[in-house]
Amino acid sequence: MTAANPHETLEQITGDYKYGFVTDIESELAPKGLNEDIIRFISAKKGEPAWLLDWRLKAYRIWLKMTEPSWAKVSYPDIDFQDIHYYAAPKTGKDGPKSLDEVDPELLATYEKLGIPLKERGILAGVAVDAVFDSVSVATTFKDKLQEAGVIFSSISEAVKEHPELVKKYLGSVVPYSDNFYATLNSAVFTDGTFVYVPKGVRCPMELSTYFRINEAKTGQFERTLIIADEGAYVSYLEGCTAPMRDENQLHAAVVELIALDDAEIKYSTVQNWYPGDKQGRGGIYNFVTKRGACRGRRSKISWTQVETGSAITWKYPSCILQGDHSVGEFYSVAVTNNYQQADTGTKMIHIGRNTRSTIVSKGISAGRGQNTYRGLVRMLSGAEGARNHTQCDSLLIGDACGAHTVPYIEVKNPTAQVEHEATTSKISDDQLFYCRQRGLSAEEAVALIVNGFCKDVMLHLPMEFAVEAQKLLGVSLEGSVG
Amino acid sequence: MTVMLEIKNLHATVDGREILNGINLTIRTGEVHAIMGPNGSGKSTLSYVLAGRDGYMPTQGSVTFLGRDLLALDPAERAAAGIFLGFQYPVEIPGISTMNFLRTALNAVRKARGEAELSAADFLKLVREKAKTLDMDPEMLKRSVNVGFSGGEKKRNEMLQMAMLQPRLAILDETDSGLDIDALKVVSHGINALRGPERSLLMITHYQRLLDYVVPDVVHVLAKGRIVKTGGKELALELEREGYAPYVGEAA
């Protein structure tokens with residue numbers, strides 16, 4: 001299809017993705033392609049110390065020898081890694097904004113339009129936001145207030161400069177630079193992301209949030225997030241993501257590392273709404289992400305909650321390494337695939353310490369021609385005395401052209417460990433739909449309601465501020481799936 | 001009295017089989033009608049065709065509701081226009097509280113009628129008041145829609161929805177089935193509370209006992225997809241005594 005305005009045409013085709021606009025902002029782009037010079041360029045742009053450049057180059061040299069993983073139940077054409085810009089930044093003319101007042105008004109307007117006000121007022125007044133636009137962090141709110149509590153919340157580039165000892169100590173300590181194809185690529189080229197450190201005994205006074213936005217065409221987004229909760233600390237963190245509608249595929253390969261020390265707790269929530277592609281499966285983001293948390297300390301706890309509605313392909317397994325005795329890992333997930341979306345997602349719970357516990361609740365919803373796979377590993381190592389896991393894995397099908405698949409891996413090396421796995425697959429019944437419609441709901445409202453009911457056990461783990469938005473998002477993602 | 005619902009020569013098929021073959025029925029505003037008939041006579045099919053369920057295909061005839069062509073509307077539009085169907089087997093919706101469901105339904109209908117949504121406080125007040133008249137524990141409203149409800153609780157929940165949505169025409173499909181005598185009294189009370197000059201009722205039932213509590217103006221006998229006899233409330237008593245056999249024979 002050709003038209004004078006390609007964006008308008010895309011909008012007509014997809015209709016429902018309301019974040020598909022492009023911000024017209026002057027950008028600085030690295031030339032397409034990947035080689036050691038590009039990595040040096042990125043590192044220089046960020047004014048990084050030599051150790052970090054070395055780290056990137058080591059990763060790159062390993063990556064050159066790696067091959068893309070092929071075990072996931074997803075299919076896509078080969079990615080040309082030389083056809084991607086690895087760095088894109090809005091031109092500011094200066095080194096970067098020093099305060100919100102210096103942020104380009106066009107950028108502020110973009111985030112307003114996305115419902116993420118970067119002013120320290122308004123509806124999200126209780127939430128501190130770090131905004132990442134293409135390759136760089138453009139604004140971080142409430143820094144002063146957090147500083148009072150001793151909490152460090154900044155872009156990772158800034159943390160490298162201001163807290164090098166912390167970054168050096170923890171970066172790559174959960175996801176090493178040689179971990180896997182996409183994580184290694186990320187280690188070589190990561191551009192920005194968020195850094196959080198909550199000191200001993202501090203309960204972070206507000207929700208922290210990063211909002212990721214891909215804007216530029218033909219770019220990849222490779223952000224890196226590092227969160228450390230020191231002994232007895234608590235933090236709740238949420239990330240959101242959107243991208244313009246484009247008929248090409250764009251790569252997003254992030255790495256998230258969480259570290260919880262003794263008695264610390266990290267709650268990590270994701271509302272992933274990258275552009276999913278149009279109804280014919282053109283365009284959309286390839287979301288190939290490595291997320292892992294280490295419960296290093298005794299009685300530490302890491303809880304992942306994810307609502308995955310976007311992306312053409314989702315490949316992610318937020319995991320917990322339960323090293324400390326009595327540590328707790330949780331994974332609550334909703335993954336929606338509609339039209340031609342594909343998702344292969346789940347978690348890994350690695351029980352190392354004694355009396356470690358993990359809970360997995362996964363809700364997969366498939367509609368249209370969507371393919372949805374839960375893939376999860378529960379591993380009880382020989383030292384995991386008295387460890388326990390409970391897994392609940394439910395799939396909901398809408399229509400008869402979609403698919404749901406469940407692939408649990410269970411490895412138990414300690415006889416006192418207990419593992420439970422429950423799984424169900426169901427369809428939205430005609431009875432349920434008719435019942436709701438007879439009470440005045442449109443077919444789409446009825447589907448949204450039934451699906452929200454199906455996902456309730458996961459949604460109630462989202463922070464209040466985002467639960468309502470996530471519920472609406474579920475409805476929007478499934479528009480056109482019935483009737 | 002003005003005509004609320006007018007069904008003319010209605011034929012309908014389910015899976016290609018003709019179940020209704022020529023129904024004629026006129027319900028005036030304020031009237032209570034009962035349709036009685038043996039199993040398989042087309043009672044539930046009639047209720048589904050009127051409510052617009054997929055797969056219940058009208059093939060001939062017309063249905064006019066308050067001057068509008070009812071068969072041209074989708075199920076939600078019919079609900080907004082004032083059609084309510086009390087289900088014989090109310091459906092479970094796991095994870096959605098009864099309260100949330102009621103509020104979603106009420107606001108959807110109000111929106112379609114061009115009315116403002118009720119505030120949370122006004123809604124709560126209204127739902128508590130209605131639940132009380134149906135002898136329902138407010139705790140029940142926190143439970144998922146019909147999940148784990150007893151037969152009686154499910155039917156009360158139907159009546160609560162009806163009371164909240166304030167329909168113009170309520171079609172009650174076997175609302176008395178599965179109820180013990182106490183529950184039957186409560187549900188009947190709920191139905192009677194809704195009777196009024198502005199509203200009409202169409203009750204579908206096997207047995208006469210509901211009609212002791214909700215006394216109809218008109219009683220019809222449905223057999224083999226057709227109304228074969230119409231009379232006053234005494235017709236129900238006659239059916240109770242003599243059964244449906246004569247009518248089944250007559251229609252065949």
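Letters A, B, ... mirror the listed sequences (proteins, then strands); counts begin at 1.
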Short side-chain to backbone donor-acceptor contact, Arg78(B) and Gly440(A), under 3.5 Å
no
So for atom CG, which belongs to Asp15(B), do other residues, nucleotides or ligands contribute more than 12 heavy atoms lying within a distance under 6.0 Å?
no
Within a reach of under 6.0 Å around CZ of Arg357(A), are more than 12 heavy atoms found that belong to other residues, nucleotides or ligands?
no
Asn107(B) portion near chain A, given a 4.5 angstrom heavy-atom threshold:
neither
Please determine whether the number of non-hydrogen atoms from other residues, nucleotides or ligands lying under 6.0 Å from atom NZ of Lys348(A) exceeds 12.
no
Quick check: does any side chain N or O of Gln438(A) sit under 3.5 Å from a backbone N or O of Arg53(B), one acting as donor and the other as acceptor?
no
If you look at every heavy atom in Glu92(B) and Gln432(A), which pair is closest and at what distance?
O-NE2, 3.0 Å
Within 6.0 Å of CE in Met57(B), more than 12 heavy atoms from elsewhere:
no
Would you give the length of the straight line joining atom CZ of Phe87(B) to atom CG of Asp431(A), rounded to the nearest 0.5 angstrom?
8.0 Å
Residues Ala108(B) and Glu445(A): closest non-hydrogen pair is CB-OE1, 4.4 Å
Is the CZ atom of Arg113(B) crowded by more than 12 outside heavy atoms at less than 6.0 Å?
yes
Taking the six-membered ring for Trp, are Phe101(B) and Tyr435(A) closer than 6.0 Å centroid to centroid?
yes
Residue pair Asp54(B) / Asp430(A), side-chain heavy-atom distance below 4.5 Å:
no
Chain A: which of Ile83(B), Leu85(B), Ile93(B) shares the most heavy-atom pairs with it under 4.5 Å?
Leu85(B)
Between Glu77(B) and Arg437(A), does any NZ, NE, NH1 or NH2 come within less than 4.0 Å of an OD or OE carboxylate oxygen?
no
Should the heavy atoms of other residues, nucleotides or ligands under 6.0 Å from CZ of Arg110(B) be counted, would the total exceed 12?
yes
Can you tell which part of Ala51(B) gets under 4.5 Å to a heavy atom of chain A, answering side chain, backbone, both or neither?
both
Taking atom CZ of Arg168(B) as the centre, does the number of heavy atoms from other residues, nucleotides or ligands within less than 6.0 Å exceed 12?
yes
Over 12 foreign heavy atoms within 6.0 Å of OH, Tyr89(B)
no
For Asp457(A), which atoms come within 4.5 Å of any heavy atom of chain B: side chain, backbone, both, or neither?
neither
Among Ala79(B), Ser97(B), Ala112(B), residue most engaged with chain A (heavy-atom pairs, under 4.5 Å)
Ala79(B)
Note: vs chain A, highest number of non-hydrogen pairs under 4.5 angstrom among Thr104(B), Val109(B), Leu165(B) is Thr104(B)
